[in-house]
Amino acid sequence: MSTHRHDTWELPAWAIEVVDEWDGSEADDESRMQLVIDLAACNVAEGTGGPFAAAVFDRYTGNLVAIGVNAVIPNGCSHAHAEMMAIARAQRALGTYDLGADGLDHELVTSCEPCAMCFGAVPWSGIRRLVCGATDEDARAIGFDEGDRPSNWQEALGSRGIEVVAGVCRAQARDVFQQYVDAGGEIYNSRQGQEPVEGS
C-alpha cells in the first residue's frame, strides 16, 4: 500500500518565509489579495503546485490565521486546492470546524473565484466573507475544469449571510495563470478533461 509523502495540508517551506515578511494586520482587501497573489506566484516559481493561493483572516483583528496554496500535483490529491488548504489549516489552528461560531468572524481571500468544490466548502466552513481575485472564466481560459458551480453563486452565498467581493486585483491574479502556462505547468483536470463515457 502506498503512503502519503506528507500531510495534505503541509505548506511548502518557502511559504513560511513569505508570510513572515508580511505585516498587514491593518491591511485592506487589496493588500491582503496581494499577499495571496504573491503566494500563488511563488507556488508557480518554486514548482510546488498550481497557480492558486488563499488565506483566512480574522475580520475583527485583521490577523492572518492561515494560508493555503494549491498542492494537487505534489500531493496526488484532487481536493488539495488552496481554499481547502487555507480553511483546513485555519480550523486546525483554532480548534473548530466552524469559523463563524461563538463570536468568530473570518474571511477567506482567494486568488481566484472558487471552483464547484471550494464553493461548497465555503458555507460549511463558517466563513462569513469571501474576497476573490481572478474569475472562473480566467481559470477556464487556460484549461482548468472549475466544475458545475451555480450561475448565481454570489447570491447563493449572500442568502447564507456570506458577503462576496469579487474582482480584487483580478489582472494581477490572472497574470499568475499565464506565468503557470509559460512555465509549462500541468493542467490537472480529472480524466484530462474528457467527457464521461455514455452510460457510465
Side-chain angles (χ1 to χ4, degrees), residues 18 24 27-45 48-57 59 66-73 78-88 90 106-125 127-193 195:
V18 173
D28 56 15
D29 287 346
E30 287 73 21
S31 297
R32 294 176 187 176
M33 182 62 72
Q34 190 59 61
L35 168 65
V36 168
I37 291 171
D38 289 347
L39 288 166
C42 284
N43 208 34
V44 172
T48 47
F52 307 97
V56 173
F57 296 88
R59 290 183 64 192
I67 65 170
V69 294
N70 182 281
V72 169
I73 294 175
S78 63
H79 69 260
H81 286 201
E83 297 96 324
M84 304 294 281
M85 178 180 283
I87 288 169
H106 290 92
E107 68 179 5
L108 176 67
V109 179
T110 176
S111 64
C112 186
E113 292 175 356
C115 68
M117 175 177 66
C118 297
F119 165 77
V122 169
W124 297 129
S125 71
I127 287 292
R128 294 178 180 267
R129 186 170 188 259
L130 175 66
V131 181
C132 309
T135 67
D136 173 278
E137 290 77 12
D138 295 332
R140 291 179 190 274
I142 63 168
F144 282 109
D145 179 358
E146 295 296 278
D148 300 321
R149 189 187 66 184
S151 59
N152 66 335
W153 68 275
Q154 293 191 40
E155 292 81 1
L157 291 179
S159 70
R160 289 176 172 263
I162 302 169
E163 178 187 355
V164 178
V165 180
V168 177
C169 302
R170 177 185 176 187
Q172 291 174 274
R174 187 174 52 206
D175 285 347
V176 178
F177 294 175
Q178 190 59 50
Q179 292 167 24
Y180 187 69
V181 171
D182 293 344
E186 179 181 347
I187 305 300
Y188 40 84
N189 300 326
S190 65
R191 302 189 186 89
Q192 296 303 304
E195 292 297 321

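For residues 153-162, there are no side-chain hydrogen bond (donor to acceptor under 3.5 Å, both in side chains) pairs, not counting sequence neighbours.
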* To do: Go through the steps for Y188 and N70 under the test side chain to side chain donor-acceptor pair (under 3.5 Å), then give the verdict.
  => CA-CA 11 Å; Y188 40 84; N70 182 281; 2.9 Å; yes

* To do: Please lay out, stage by stage, how V44 and V176 fare under the test side chain to side chain contact (heavy atoms under 4.5 Å, CB included).
  => CA-CA 8 Å; V44 172; V176 178; 3.9 Å; yes

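Side-chain contact between L157 and L130: present, with at least one pair of heavy atoms (C-beta onward) separated by less than 4.5 Å. Side-chain atoms of C112 and F144, non-hydrogen and from C-beta on, never get closer than 4.5 Å to each other. Side-chain contact between T110 and V131 is absent, with no heavy-atom pair separated by less than 4.5 Å. Contact annotation: the side chain of F57 approaches that of R32 to within less than 4.5 Å [non-hydrogen atoms, C-beta and beyond]. Here the side chains of E107 and V56 are not in contact, with every heavy-atom distance at 4.5 Å or above. No side-chain heavy atom of H106 sits under 4.5 Å from any side-chain heavy atom of R59. Contact of the P114 side chain with the C132 side chain is registered, since non-hydrogen atoms from C-beta on lie closer than 4.5 Å. Looking at E163 and R128, their side chains never come closer than 4.5 Å, going by heavy atoms from C-beta outward.
Atom CG of residue L39 and atom CD of residue Q34 lie 10.0 Å apart, to the nearest 0.5 angstrom. Between the CG atom in L108 and the CD1 atom in I87 there is a gap of 5.0 Å [rounded to 0.5 Å]. Here CG of D138 is found 3.0 Å from OG1 of T135. Values are rounded to the nearest 0.5 Å.
Residues satisfying the side-chain contact (heavy atoms from CB on, under 4.5 Å) test with A82, not counting sequence neighbours, are F52, A54. Contacts of C42 classified as side-chain contact (heavy atoms from CB on, under 4.5 Å), with partners at least two apart in sequence or in another chain: W14, V18.
Side chain of D136 to main chain of C115: no donor-acceptor pair is present (N/O by atom type, distance under 3.5 Å, no hydrogens or angles). Judged by distance alone, the side chain of N43 and the main-chain N or O of G50 form a donor-acceptor pair under 3.5 Å. Here the side chain of S111 pairs no donor or acceptor atom with the backbone of G133 at under 3.5 angstrom. Proximity of a side-chain donor or acceptor of Y180 to a complementary backbone N or O of I142 within less than 3.5 Å is not detected.
Taking a 6.0 Å sphere around CG of N152, one finds it holds more than 12 heavy atoms contributed by other residues, nucleotides or ligands.
Among all heavy-atom pairs drawn from A86 and A66, the shortest one is O-CB, 3.7 Å. Between Q172 and I37 the shortest heavy-atom distance is CB-CD1, 3.8 Å. In terms of heavy-atom proximity, Q179 sits nearest to A41 at OE1-CB, 4.0 Å. Across all their heavy atoms, V168 and E30 have their closest contact at CG1-CA, 4.0 Å. The two residues E113 and E83 come nearest to each other via the heavy atoms O-OE2, 4.2 Å. Scanning both residues, A134 and R174, for their nearest heavy atoms gives CB-N, 4.2 Å.
For the side chain to side chain contact (heavy atoms under 4.5 Å, CB included) criterion with R129, the lone passing option out of I162, D29, V164 is D29.
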